[in-house]
Amino acid sequence: MNTRRANLALWTFAVVPTLFVVLILFAPAVQGVVLSLRRGGPSIANYTAVLRDRFFWRAVEGNLIVPAGSLAVEFVIGLALALNLSGRRGRLAAVADIAAILPFAIPEIVLLTVARYIFMPRGYLNAALDAAGLGPLPWLVPGSPWSYFTVIVVDAWHVTPVVMLIILAGLQTIPPELYEAARLDGAGTIATFRYITLPMLAPAMLAALVLRGIDALRIFSTTLVLTGVEGVPVISTYAYHLWTDAQEPRVAMAASVILAVMIVVVALVGLIAMRRGALFALYE
Amino acid sequence: MPGGGARAAPLRFAIDCLAVIGAAVPIYLLIKQAITPDLESFAWPPFWLPHHLTASNLKSVFELAELRSALLLSVIVAVAAAAISTVLGTMLAYAMARRERLRQTGMAGVTIARLLPMIAVALPLTTVLIRAGLYDSPTGMGLALIHAALAIPTTALTTYGAFVAIPAEQEEAAWLDGASPLRVFLAIDVPQARMAIAASLVLSFILSWDEFGFALLIQVTNRTMPPLLYYYTVFGDVGPASALALVMLAPAVAVIIALRPMLKSGFIAAPRH
C-alpha cells in the first residue's frame, strides 16, 4: 500500500475545506479586528467611542440578562422534557416526542413572526388574558421588565429542544443497573433523581451549558424582530444599528470585536471548567 | 428515569401539554392567519377560529413578483450551499475518519468555528463581498458561499460516523489493485456512506433555508425569504407574511422530523446563527 500517496490525499481532503472556512469566516473576522483599530491611521478611537456610549452599556446589560435568563429557562424545561420522554413507549409518547422537537424545526424567523403576533399589544396573549379578566400586559413595551421576560421566553422556546436532545443522550448513558440497585435499596423517586440521575448527567449538562452559552451570547434575531434595536438592546443589534442607521462601520466593528472577545473568554472558561475532551464527546 | 408511579402521572400530563402547546400554537396561528383575510387577524378581540376562508394569501406567495423571486432565490442559495458544504464536509469527514491527528485537528476547528458571532463576520465580510461583486448578488452566490462555510461543521459531523464504520480491509483490496486515493474514496467509501451524505445534504439545505442574520445584512434588495418575512412582519402585512412563513415552515419541519432518529442519537445540529 502506498502510504505516502494516501497521506497526501487525506491531507488535501482536510486542507481544502479548512481553507474554505478560513477564507470565508475567519479572514473577514480578522480584517474586522484590523479595521476596528484604524481611524485615519492606527487608533483606538473606535473603541473609546463604544466604551463612552451609554447605549453600549445598556446593550452589554441586555447581552448578559437575556442569555442568563434564556439558559435558565431552557435547562429547566429541557430537563423536564427529557426526563418525561426517556424510556417511554407507545403512541402518546411518539406524539409528545415530535411535539417536543418541533419548536426547533420551526425556522427561527418564522417562530419570531408568530411570537410578534402573540405578544403584540392587541395580540393573542393579551386577548386571552383580557377574556380571563387579567387585563393586558406590556409584553413588548421598550425597556420594560416585561419585554426582557418576553425575549427570554421566546428565545428559550426555540432552542429548548436542543438542550432536551443533549440531556436525552446523556440519560441513555446511565446504566439501568444503577436504577435497579437504588430501587432495591428502597430509594424513592426524588432520592434516585438527586443521587443517581443528576450526578450522572452532570458532564452532558456542563457540555450543553458551554455550547448553548456560546450561542446565547450571539443573540440577535430574537431581540431585533420582537423589540427592534432599542427595546431590548444587545451587542449584536447595537453593532447592526451603528452599521446600518448610524453609518459608523468602524465603531460597529469595534463593538462586534468586543462581543467576539466576550464569547472566546466564556468558551475558554467553560473548556477549563470541564474535563478536557468532554466537549468533543458530544459529537461522537 | 424509570419509575415515579401513579404520583408522577399528573406531572407527566402537564409536561406533555406544555410540549404540545409549544409546538401546536405557533403552527395553528400561522395556518389560521394564512387562510383568513387580514381583517380577521387585526380584529379585537382576535378571532381564535377562522370565519371566512381565503386562498389569496397563499396564492400571493406564488403570484406577487417580490414573494416569488424571494422563494426562488432561497431555493437557489440553499441548493448551492448544500452542494458545496456536503462535498467539502464529506472530504473533511473522510480525512478525519482515516487519520487520528486529522480527527483531533478537525474537531478543534469545528468547535472554534462555532465561536464567531455572526455580526463580527458579517460586517467586514460585506466590504469584501462588495469588492468581489458578490454583495446583494441577484443569484445570491455570496450568501450561498457563507451558508456553505457555516454548514461544513454540520455536514462533516453528519458523515463522519459513516466513514468510521467502513472497514479498512475493503480499501486495502482496492489499493492492491493500484487504484488512486480519489478513486478508492469515490468507488468504495462514498457509495457506502450515501445515506449519511443524503442526510447532510438535506440538513445543510435547511440550515441555509432558515438562516436570517447574514441574509438580512447581505441580500439587502435581492432578498431571500427570511429577510423578506422580517420586513413583511415589521410593516404589518399579516396575511402574506403568514403565508410566506408557512411556505418556509413546511420543508424545515419535514426534514427535522425525518431526521429525528439521527438527532436523538446524540448528534446535535450546529447552531443557527
Side-chain angles (χ1 to χ4, degrees), chain A residues 1 5-6 9-10 13-14 17-18 20-21 24-25 28-29 31-32 35 80-81 83-84 86-87 96 98-103 105-111 113-114 116 122 124 127 162 165-166 169 179 189 197 214-215 218 220-221 236 239 243 252-253 256-257 259-260 263-264 267 280 283, chain B residues 1-4 12 15-16 19-20 22-23 26 29-30 44-46 88 91-92 94-95 98-99 102 107 109 113-121 123-125 128 145-146 149 152 157 172 175 181 210 212-213 226 229-230 233 241 245 248-249 252-253 256-257 260 263-264 266 268 271-272:
Chain A
M1 185 166 68
R5 222 170 134 211
L10 288 171
F13 270 36
T18 309
F20 181 75
V21 175
I24 300 213
L25 300 181
Q31 201 195 8
L35 289 175
L81 288 172
L83 290 171
N84 186 33
S86 180
I98 289 181
I101 292 180
L102 261 180
I106 300 175
E108 189 181 25
I109 186 70
V110 172
L111 188 65
T113 298
V114 187
R116 253 183 93 104
R122 287 160 64 106
Y124 295 99
V162 178
L165 287 169
I166 298 176
Y179 289 120
T189 311
T197 311
I214 291 166
D215 288 347
R218 292 199 279 226
F220 172 72
S221 338
S236 288
W243 178 268
M253 283 180 199
S256 64
V257 168
L259 176 64
I263 291 174
V264 169
F280 300 153
Y283 297 125
Chain B
M1 189 173 62
R12 276 193 187 283
I15 298 173
D16 282 348
V20 170
L29 289 177
L30 268 189
W44 180 263
L88 293 176
M91 288 165 64
L92 181 62
Y94 178 65
R98 291 292 174 266
R99 290 289 181 273
L102 291 178
M107 285 295 181
R114 303 180 66 144
L115 295 182
L116 289 172
M118 178 279 287
I119 201 83
V121 177
L123 300 185
L125 190 60
V128 177
L145 289 175
I146 297 164
I152 283 176
L157 293 171
E172 275 158 23
W175 278 107
D210 289 0
F212 170 67
L229 177 57
Y230 169 65
T233 308
M248 279 192 65
L249 178 71
V253 167
I256 298 290
I257 289 184
R260 205 161 43 97
L263 294 172
K264 284 182 77 178
I268 297 306
R272 301 167 159 213

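To find a chain, count down the sequence lines: A is the first, B the second, and so on, and within it residues start at 1.
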Problem - Heavy-atom pairs under 4.5 Å with chain A, option from Ile146(B), Val20(B), Leu29(B) with the top count - result: Leu29(B)
Exercise for the section: For residues Ser256(A) and Pro117(B), report the shortest heavy-atom separation together with the two atoms involved. Expected result: O-CG, 4.5 Å
Exercise for the section: Over all heavy atoms of both residues, which pair between Ala19(B) and Ala96(A) is shortest? Give the atoms and the distance, please. Expected result: CB-O, 4.4 Å
Practice task
Look at Leu35(A), Ile214(A), Leu25(A) and state which one has the largest set of heavy-atom pairs under 4.5 Å with chain B.
Solution key: Leu25(A)
Completion exercise
When the 4.5 angstrom heavy-atom criterion is applied to Tyr124(A) and chain B, the contacting part is both
Problem - Portion of Arg122(A) that has a non-hydrogen atom of chain B nearer than 4.5 angstrom - result: both
Exercise for the section: Please state whether the side chain, the backbone, both or neither of Ile152(B) comes within less than 4.5 Å of a heavy atom of chain A. Expected result: side chain
Completion exercise
Scanning both residues in full, the closest heavy-atom pair of Leu145(B) with Ile24(A) reads CB-CD1, 3.6 Å
Handout entry: Minimum-distance pair of heavy atoms, taken over all atoms of Pro28(A) and Val121(B)
Key = CB-O, 4.0 Å
Problem - Residue, of Leu102(A), Thr18(A), Val21(A), Ile109(A), that accumulates the most heavy atom pairs under 4.5 Å with chain B - result: Ile109(A)
Handout entry: Closest approach of Val253(B) to Ala105(A) (non-hydrogen atoms, all atoms of both residues)
Key = CA-CB, 4.0 Å
Problem - Interface moiety of Leu81(A) toward chain B, non-hydrogen atoms closer than 4.5 Å - result: both
Fill in the blank from the handout: Output for pair (Leu88(B) CG, Phe20(A) CZ), nearest 0.5 Å, gives 6.0 Å
Handout entry: CZ-CG distance between Phe13(A) and Leu102(B), expressed to the nearest 0.5 angstrom
Key = 12.0 Å
Completion exercise
For Gln31(A) and Pro124(B) the tightest heavy-atom approach is OE1-O, 4.1 Å
Fill in the blank from the handout: Highest number of heavy-atom pairs under 4.5 Å with chain A among Leu229(B), Val128(B), Ile257(B) belongs to Leu229(B)
Handout entry: side-chain contact (heavy atoms from CB on, under 4.5 Å) between Tyr230(B) and Thr113(A), intermediate numbers included
Key = CA-CA 7 Å; Tyr230(B) 169 65; Thr113(A) 298; over 6 Å; no
Problem - Atom pair CG/CG of Leu111(A) and Asp210(B) - distance to nearest 0.5 Å - result: 11.0 Å
Completion exercise
Note: vs chain A, highest number of non-hydrogen pairs under 4.5 angstrom among Ile119(B), Leu249(B), Leu125(B) is Ile119(B)
Handout entry: Separation between CG of Leu10(A) and CZ of Arg98(B), rounded to the nearest 0.5 Å
Key = 8.0 Å
Exercise for the section: Side chain from CB out, backbone as N, CA, C, O: work out which of these in Val114(A) comes under 4.5 Å of a heavy atom of chain B, or both, or neither. Expected result: side chain
